[in-house]
Amino acid sequence: MPSRPPSGEPVSEAEPVLACRDLRKTFGDRVAVDGVGFEIGAGECYGLLGPNGAGKTTTISMICGLLDRDDGEVTVGGRPLTTRAVSAKAAIGYVPQEVALYPDLSARENLRFFGQLYGMSGTRLAERVEHLLGDVGLAERADERVEQYSGGMRRRANIAAGLLHDPALLVLDEPTVGVDPQTRHAIFSMVAALRDAGKAVLYTTHYMEEAERLCDRVGIIDEGRIVAEGTRRQLVERVGQRDRVQVSATGDLDRLAAGCQGIEGVESVAVVEDGLELVVHEGRRRLSEVFETADRAGVAVAAVEVVEPDLEAVFLHLTGRALRD
Amino acid sequence: MRTALLVGRVELRRRLRDRTALVLALGAPLLLMSVLGVAFASGDDARIRIVIADEAQSARSAALARAMVDTPALGREVRIRPVATSAAARAAVDGGDASAAVVLDRPDPRFTDQLRPGEPVVWVYGPSRGRPLGPVAAESIRQAAYAQVDILARIAEGLRAAGLPAADLPVAIRDDGATGEANLISHFGPAMGVTFLFLTVGFGARTLLNERQRGTFVRLVAAPVRAVAVLAGKLGAQLVLSFLSMLVLWGVSVHVLGATWGPPGPVLLLTVATVLAMGGLSALVGALARTESSAQAAIALLAFVLALLGGSFFPPGSVPGALRLLHLVTPNGWALEGFGRLGIDGEGLGAIMPSVGVLAAIAVITVTLAMVRFKRVMSL
């Protein structure tokens, strides 16, 4: 069953829910977004990963029709989207970075209002509001003003407001900035559930761990350009990163190092203070051979840790800078 | 339209929950209207309406009466009309149709030492006691009235203009215990309403900037609605609140403080035009500001400058002629001109059409510019 935006037109599963091509935006002399393009299918979470100021918010502002673009095109559910394409916006659920709710209204009042803006009314709206209040754990305090909520509760209400109209595409702009671990976990669970329910999710973040954990594919954006895109594994392989296997051991470490040199996939071995450090392709698959070699060398292995390359390393490799620079 | 109504309804609900907005829209203008009304009250309306009765029936008194009615030297703020008898003059004052009566009487034996035979005595009759402000306030008001408006000096001025020897005219004020009332509320009611209209709508305009900073405006325009409808709803809510504030001021000043605003139909029309003009101007100032705090400062400053220039803080009769010209470079001045025509002069719809026209033009221009500007600055 294809997702159906409130306008009533089905979003075809054959085509991506979101397709954007060659998006460009400048502010004066500064190029904020320069040729960004990607697609997101139903049931897919796409992460836009980049440091602050990389162009993430500008990109999603163009995608959501909040900002006129200088060039490029955006289609949502096959329909072109611009700042003036009012009906196409109905397929998007936007969750801004800030808690974009009225503090002097209750959560229920906020949700009802934003739902009405999307053309919802009557029983459908009431049921949807109650359902979402339950989902985000605010049902019992739904009539309190938002200004009386904790930061985490506000964040959850903020996300609920973006989901009211059951959008085919959910756009979350750094939803976990400044939240406590418990709320972050709740947001992760919510996003994963939405993706599993068939929603297309565009998730921007500068937290590498979030992109790795939540996103099926990641676009790494820097200085307004997508410098790499793919699954985490594809990105890591694309830049030639290898696993590091750290072996804590006692005994004849030089003999062990010599033995490990012969293991397939091992690119380098270094003897360190209390063991060895190997740079290996697909480190986990080589662990049994490492143990066998240690056994043959009469070395007692106390611990082994495989450190896989992460997106932080990829970003560093691609841009020469850390994500949080 | 649906979006504008939806946004406006929520905005109004939020404003009504906000005590600051309520103080601005209702509390402050009511308080200032009362305080200024007492402070400046003259026992007469700001534009003095005087009836004159010629009981002396002499050639001299007839010339004096004619001169007082006809001469332009009395100034626009003093309107004099003849009545037949001193009883009619008293009735006009007691009934609120006149602020004071001038009776050209036959010589009074009590003043014979001041009179030459055959000269009339002029006495001024003020309204009676027992009006809302009470005797103490009324007495101070009466004193202020004579000092400020200086009716007798103007009478003398009129006489000189008519070629009569004013200096020789024996004039006595027969107080007869009469005191004044604070009908200046008829001026300060609309005046404070207009001043705080600007602040009320300005308060709403700067909340738009606040919404932009907080992100709620972005969420609004991310919805499948037109930005102009969102803006219209938000501005409309402020205008409705301002209109309600004027209605409350109108009701309180008339029914509690005894002011006169004039016939309801023209008052409503003028109120709507005033609300739109002041609202548009205030919204434009808010739209031109870069931040919420700069908007707040600009609106507060401009509100008081316009109020001063527009004559909101002073009775019209107390302002020098050159300054009076400045009134009409402000929407406040045009609004008060119209309200004065209705409430003080007792005129009707035709008299306020120039004011309504100017205010409507200000409204159209400023609202359009504010919407265009807001639409632009509200984009990310």
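Proteins come first, then strands; the chains are lettered A, B, ... in the order of their sequence lines, and each starts at number 1.
Residue contact with chain B, scored on non-hydrogen atoms closer than 4.5 Å, is absent for A:R112. Contacts between A:V171 and chain B at a heavy-atom distance below 4.5 Å are absent for every atom of the residue. Using a 4.5 Å cut-off between heavy atoms, A:A161 contacts chain B through both its backbone and its side chain. When heavy atoms are compared at a cutoff of 4.5 Å, B:V230 does not approach chain A at all. For a residue to count as touching a neighbouring chain, one of its non-hydrogen atoms must lie under 4.5 Å from one of that chain's; by this rule A:N158 touches chain B with backbone and side chain alike.
A:F113 CZ to B:R14 CZ: the interatomic distance, rounded to the nearest 0.5 Å, is 9.0 Å. Rounded to the nearest 0.5 Å, atoms CZ (B:R17) and CD (A:E109) are 4.0 Å apart.
For A:R141, the CZ atom counts as densely surrounded, since its 6.0 Å shell holds more than 12 non-hydrogen atoms of other residues, nucleotides or ligands.
Under the 3.5 Å distance criterion, the side-chain polar atoms of B:R2 are left unmatched by any main-chain donor or acceptor of A:G119.
The nearest pair of heavy atoms linking A:A100 to B:G215 is CB-O, 3.3 Å. Across all non-hydrogen atoms, the minimal contact from A:Y118 to B:A222 is OH-O, 3.5 Å.
Contact of the A:L117 side chain with the B:R219 side chain is not registered, since no non-hydrogen atoms from C-beta on lie closer than 4.5 Å.
Contacts with chain A were tallied for B:T3, B:L6, B:V10, B:V225; B:L6 has the most, counting heavy-atom pairs under 4.5 Å.
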